[in-house]
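Fair warning: this is a prediction, and the values are worked out from it, not measured in the lab. As a basis for the values below, the full set of heavy atoms in this structure was taken, side chains included, without hydrogen atoms, waters or symmetry mates.
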Number of protein chains: 2
Amino acid sequence: MSVDPVVDSPGEDSGRRRAVMADVAKLAGVSHMTVSRVINDHPAVSSATRERVLAAMAQLAYRPNIAARTLVTGRTRRLGVISVDTTLYGPASMLVAIERAARDAGYAVAIASLPALDRRALGDAVDFLTSQAVEGIIAITPHTTTMAALRHVPTGVPFVAVEGGKAAVPTVAVDQYLGAFLATRHLLALGHATVVHIGGPQDWYEAPERERGWRDALVAEDREVPEVVVGDWSARSGHEAAKQLLGIPGLSAVFVANDQMALGVLRALHEAQVSVPDDISVVGFDDIPEAAYFTPPLTTVRQDFGEVGRQGLDLLLEQVEGAPRSRRRRVIPPDLVIRKSTTVPLTRLDSP
Amino acid sequence: MSVDPVVDSPGEDSGRRRAVMADVAKLAGVSHMTVSRVINDHPAVSSATRERVLAAMAQLAYRPNIAARTLVTGRTRRLGVISVDTTLYGPASMLVAIERAARDAGYAVAIASLPALDRRALGDAVDFLTSQAVEGIIAITPHTTTMAALRHVPTGVPFVAVEGGKAAVPTVAVDQYLGAFLATRHLLALGHATVVHIGGPQDWYEAPERERGWRDALVAEDREVPEVVVGDWSARSGHEAAKQLLGIPGLSAVFVANDQMALGVLRALHEAQVSVPDDISVVGFDDIPEAAYFTPPLTTVRQDFGEVGRQGLDLLLEQVEGAPRSRRRRVIPPDLVIRKSTTVPLTRLDSP
DNA sequence: ATACGCCATGTTCACGTTAACAATGTTCGC
DNA sequence: GCGAACATTGTTAACGTGAACATGGCGTAT
């Protein structure tokens with residue numbers, strides 16, 4: 001329990017006041033301007049002087065006052081992230097990736113979570129971050145409502161939406177359509193006559209995209225397109241949706257719009273004594289970390305959320321730093337991860 | 001595709017430069033000081049003047065320059081959050097709760113994620129946030145290593161650790177010991193002779209605590225204390241641990257240190273044709289949203305992460321705002337959530 | 001009627017930094 | 001050896017806000 005002697009080391013008068021540039025200057029026997037030059041790596045400082053200044057800075061545990069710097073330079077080097085529900089795996093992953101990349105690029109990240117999904121909440125969040133003087137904002141808002149609200153964001157502050165469909169602002173997103181297409185084609189290639197789809201809530205950008213990919217894959221091979229059952233992304237809703245589907249005669253393959261709902265589906269099928277994949281094949285979407293340990297391990301579509309976050313930051317910095325803005329929309333391809341929840345349908349095994 | 005006319009409304013000369021206090025003052029025909037008083041709700045402003053100033057502010061879309069304000073007041077109203085892996089459900093939930101509560105209290109939140117779990121990474125993160133002039137820091141670091149590193153945090157900046165055991169700093173945490181005790185006692189009460197424990201990695205604060213609770217519950221009823229098998233929180237490790245346990249004769253109840261590992265356990269048991277709960281009862285820890293939809297729905301210990309986050313913020317603000325600091329450690333009680341993965345053991349049914 | 005006090009507002013300054021320009025000393029070319 | 005270019009350092013002035021103090025006008029108590 002010894003007293004910690006780190007930092008906050010005594011100034012000359014031990015007056016406890018944080019050292020400022022003038023203090024360093026006095027101790028090093030130079031003007032404050034020379035100290036500023038050392039800090040900003042200005043070339044016009046002799047190495048002898050630089051050493052003296054650095055020593056003084058260390059001795060006083062000097063930290064630059066960023067408020068003063070911001071005031072005079074007009075740059076805050078801060079970015080804002082607006083996010084819906086960072087409890088979800090996707091948004092959480094993107095947030096982490098964004099923060100890492102931002103820090104590497106010398107920016108700090110302030111966050112604002114959305115308490116609701118209406119235009120008002122988005123406006124408040126933008127307002128809040130703007131009042132924090134962020135130089136740019138990344139929104140993780142996979143909802144059509146918030147996407148629409150983006151249209152009303154005050155111009156002037158660089159803005160990027162990740163995982164948010166076609167918007168009035170630059171965007172980075174995983175190709176949901178492609179992922180759904182791949183998943184469905186995988187099931188058809190195994191020999192399933194058609195594929196039932198359990199979709200997500202329609203006010204999320206991903207849901208209609210995934211549905212479209214599924215539908216097009218069926219149409220491309222002239223298959224019947226069954227009715228879509230809609231859930232709300234939760235395991236609970238997947239569980240209920242699956243119970244509805246059990247009555248369908250000949251059902252052998254289900255493409256579920258996310259892994260949580262797929263979990264609910266697996267459970268419902270298990271309860272109904274329906275074997276997966278022998279009786280029914282199931283494909284999910286997202287590849288959450290748990291998916292590989294479902295019963296059975298889930299075939300699903302992996303989205304590289306980290307990459308989405310990094311590219312989103314990249315796109316934002318292009319705007320912030322005024323680089324020649326490249327294309328306004330970047331698309332990340334997903335990967336189909338085949339595990340144990342899909343196989344050849346029984347009907348096909350029966351009649352070769 | 002019409003041009004958006006919102007905000008950024010034209011200044012008098014449409015010179016595009018952001019309006020400052022002086023501009024508002026001129027337009028309203030007052031001094032900048034009166035504008036400042038209106039902004040800060042100073043009482044000594046006549047309502048007529050106030051109206052005029054507010055109108056001018058609206059017309060110019062004036063936003064106060066927080067850097068200037070910070071410079072003169074010395075207060076940033078910013079807090080920092082350091083977090084391990086916000087991809088995990090617990091940390092993510094706490095982060096959201098902290099941000100909400102902070103914004104409500106008028107503070108902004110900057111984040112710093114830890115790329116590694118050593119003392120160096122923690123030091124860097126603290127350094128980074130300090131350089132951002134945060135007024136306080138909350139660390140979400142459930143590791144004994146980072147906890148130990150907290151000891152070396154520079155004094156002077158208020159600090160709180162959430163979910164981090166006994167530390168050199170004020171702490172808020174769920175009572176892990178109690179949760180484990182409740183879980184184990186529940187199994188014993190059902191009639192199981194003893195309970196096997198699959199523990200978490202020992203360098204996490206929670207792991208030894210949960211193990212201790214489990215052990216004490218067994219000892220309290222004079223039961224045999226089996227060897228602990230250790231996993232790494234992942235479903236994969238739970239799966240492997242369970243395979244090791246299958247050989248144990250008479251095994252009828254398992255207390256797993258988190259829900260993900262419990263998921264792996266459920267899968268391993270399923271693969272081995274062992275019925276849960278009929279052959280073996282399983283209890284998890286955390287109550288992640290998916291737990292209710294495992295096969296079978298998982299009996300587990302719920303932690304109120306939101307509450308931990310809020311209390312953590314509360315504790316931090318006590319320090320920041322210099323209130324009479326209350327106790328330095330707050331403990332949140334967990335809840336046992338009984339679902340379908342636990343029941344009376346077969347042995348007991350056999351011989352009544 | 002006058003002085004006192006209070007209310008509303010204005011003036012001046014400081015916060016800590018960087019930009020712009022000024023002022024040294026130093027070296028090099030011819 | 002002298003002027004010009006250069007390297008190094010210093011001086012001054014912003015940046016936009018809030019604190020502290022100053023000012024003026026008006027009502028009221030005496």
From CA spacing to verdict: salt bridge (charged side-chain N to carboxylate O under 4.0 Å, His left out), R120(A), D127(A): CA-CA 10 Å; R120(A) 163 91 176 285; D127(A) 235 50; over 6 Å; no

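- Using a 4.5 Å heavy-atom threshold, the side chains of R330(A) and L315(A) count as touching.
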Check against side chain to side chain contact (heavy atoms under 4.5 Å, CB included), I138(B) and L79(B): CA-CA 8 Å; I138(B) 295 187; L79(B) 303 175; 6.0 Å; no

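- One atom, CZ of R75(B), and another, P of dG18(D), lie 14 Å apart when rounded to the nearest Å.
- Residue-level contact check: T34(A) touches the backbone only, with heavy atoms under 4.0 Å from sugar-phosphate atoms and none from bases.
- Contact check for V320(A) versus Y107(A): side-chain heavy atoms found under the 4.5 Å cut-off.
- With rounding to whole Å, H42(B) atom NE2 is found 9 Å from dA19(D) atom P.
- V134(B) has its side chain out of reach of V109(B): every pair of non-hydrogen atoms, C-beta onward, lies at least 4.5 Å apart.
- Contact check for R69(A) versus P64(A): side-chain heavy atoms found under the 4.5 Å cut-off.
- Near DNA chain D, meaning a heavy atom under 4.0 Å away, there are no residues from residues 44-55 of chain B.
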What protein N or O atoms touch nucleotides 16-20 of chain C N or O atoms at under 3.5 angstrom, if any, and at what distances?
{"residue": "dT17(C)", "atom": "OP1", "partner": "Y62(A)", "partner atom": "OH", "Å": "2.3"}
{"residue": "dT17(C)", "atom": "OP1", "partner": "N65(A)", "partner atom": "N", "Å": "3.2"}
{"residue": "dT17(C)", "atom": "OP2", "partner": "M21(A)", "partner atom": "N", "Å": "2.6"}
{"residue": "dT18(C)", "atom": "OP1", "partner": "N40(A)", "partner atom": "ND2", "Å": "3.1"}
{"residue": "dT18(C)", "atom": "OP1", "partner": "R69(A)", "partner atom": "NE", "Å": "3.1"}
{"residue": "dT18(C)", "atom": "OP1", "partner": "R69(A)", "partner atom": "NH2", "Å": "3.3"}
{"residue": "dT18(C)", "atom": "OP2", "partner": "S36(A)", "partner atom": "OG", "Å": "2.6"}
{"residue": "dT18(C)", "atom": "O4", "partner": "H32(A)", "partner atom": "NE2", "Å": "2.9"}

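- Residues passing the salt bridge (Lys or Arg N to Asp or Glu O under 4.0 Å) test with D104(B): none are found, sequence neighbours excluded.
- OP1 or OP2 of dC15(C) has not a single side-chain nitrogen or oxygen of T70(B) nearer than 4.0 Å.
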Verdict with supporting geometry, S113(A) and R100(B), side chain to side chain donor-acceptor pair (under 3.5 Å): CA-CA 7 Å; S113(A) 61; R100(B) 297 243 164 105; 3.1 Å; yes

